[in-house]
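Notes for the one structure printed next.
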Amino acid sequence: MSKKHVVVHGATCQCKFSVEPITDLLEVKSQSKHFANDKDASKKLIANTKDIGQTLKANTFGKCKMQPSGTDYLPCKAVILEWNNFYDKITLSNQGKILIEDSKATCPIGGPDCIEIKNHGQKAEISRQQLRNADRMILHQINPLVNLDDLLDSLEDEDSICS
């Protein structure tokens with residue numbers, strides 16, 4: 001799994017048989033315990049091989065090239081039958097295996113590996129500890145307008161207000 005991101009709730013998926021490059025968002029419905037990329041463990045559920053069926057937000061990728069109808073195509077009704085290319089070294093509590101950005105899904109119309117992950121859904125979140133450990137010289141060169149000491153002080157003031 002080196003250098004591969006874990007797929008989380010909100011990942012962007014796309015079908016290779018969509019007439020137009022329409023995407024849909026993956027919704028994790030199979031578990032509610034395991035999180036990634038979320039320091040508060042409240043938003044980014046880990047997607048896994050048990051996320052099958054109608055597990056996309058809109059459950060469609062527009063019109064499907066595999067369903068011609070006269071001069072047009074029938075609308076896609078996205079249903080995920082199974083996932084392939086998952087990370088098999090870890091099993092979650094729901095017995096699912098973790099999806100990674102190379103994972104692909106099977107649809108009953110499009111067949112194996114027709115749905116792919118376009119974006120894993122993770123977003124960078126900077127923690128206080130990372131700010132404390134940051135090299136001040138490099139940070140100043142990257143963004144000279146940010147004063148790291150002032151930023152850390154404001155975060156600590158925010159903590160004392162919330163306590």
Please give me the minimum heavy-atom distance between [X] and [Y], naming the atom from each residue.
X      : Y      : answer
Ser103 : Phe86  : OG-CA, 3.7 Å
Val6   : Ala36  : CG1-CB, 4.4 Å
Thr106 : Asp113 : OG1-N, 3.8 Å

Suppose we screen for side-chain hydrogen bond (donor to acceptor under 3.5 Å, both in side chains). Which residues come up paired with Asp72, at least two apart in sequence or across chains? Lys63
Among all residues two or more places apart in sequence or in another chain, which pass the side-chain hydrogen bond (donor to acceptor under 3.5 Å, both in side chains) test with Asn133? Gln129
Using the rule given for side chain to side chain contact (heavy atoms under 4.5 Å, CB included), can you reason through Cys64 versus Tyr73, listing the C-alpha separation, both sets of side-chain angles and the distance that settles it, and then say yes or no? CA-CA 6 Å; Cys64 178; Tyr73 297 95; 5.7 Å; no
Apply side chain to side chain contact (heavy atoms under 4.5 Å, CB included) to residues Gln67 and Ile109 and explain how you reach the verdict. CA-CA 8 Å; Gln67 299 185 85; Ile109 305 293; 3.8 Å; yes
Strictly by salt bridge (Lys or Arg N to Asp or Glu O under 4.0 Å), give each pair with a member in residues 50-61 just once, sequence neighbours left out. none
So, the side chain of [X] versus the backbone of [Y]: is there a donor-acceptor pair under 3.5 Å, distance only?
X     : Y     : result
Asp24 : Asn59 : yes
Lys97 : Tyr87 : no
Ser18 : Cys15 : no
Lys29 : Gly53 : no

Kindly indicate whether the side chain of [X], heavy atoms from C-beta on, has any atom under 4.5 Å from the side chain of [Y].
X      : Y      : value
Ile115 : Phe17  : no
Asn48  : Ser30  : yes
Leu139 : Gln141 : no

Start with the C-alpha distance between Ile80 and Glu82, add both sets of side-chain angles, then the distance that settles side chain to side chain contact (heavy atoms under 4.5 Å, CB included), and finish with yes or no. CA-CA 6 Å; Ile80 294 175; Glu82 70 175 344; 6.0 Å; no
Would you list the pairs meeting ring pair (Phe, Tyr, Trp, His ring centres under 6.0 Å) in which at least one residue belongs to residues 120-153, sequence neighbours left out? His5-His120
What pairs with Asp102 under salt bridge (charged side-chain N to carboxylate O under 4.0 Å, His left out), at least two apart in sequence or on another chain? Lys4
Out of curiosity, [X] [atom1] to [Y] [atom2], how far, rounded to the nearest 0.5 Å?
X     : Y     : atom1 : atom2 : value
Lys33 : Ile46 : NZ    : CD1   : 13.0 Å
Leu92 : Gln31 : CG    : CD    : 6.0 Å
Leu26 : Leu99 : CG    : CG    : 7.0 Å
Lys65 : Lys16 : NZ    : NZ    : 10.5 Å

Chi angles and distances behind the side chain to side chain contact (heavy atoms under 4.5 Å, CB included) call for Leu56, Glu27: CA-CA 5 Å; Leu56 299 168; Glu27 293 187 335; over 6 Å; no
Show every donor-acceptor pair shorter than 3.5 Å between a side-chain atom in residues 7-14 and any protein atom, with sequence neighbours excluded, or say none if there are none.
unit_1 : atom_1 : unit_2 : atom_2 : d
His9   : ND1    : Val28  : N      : 3.0

Taking Asn147 as the fixed residue, which of Asp149, Leu145, Asn143 is the one that meets the side-chain contact (heavy atoms from CB on, under 4.5 Å) rule? Asp149
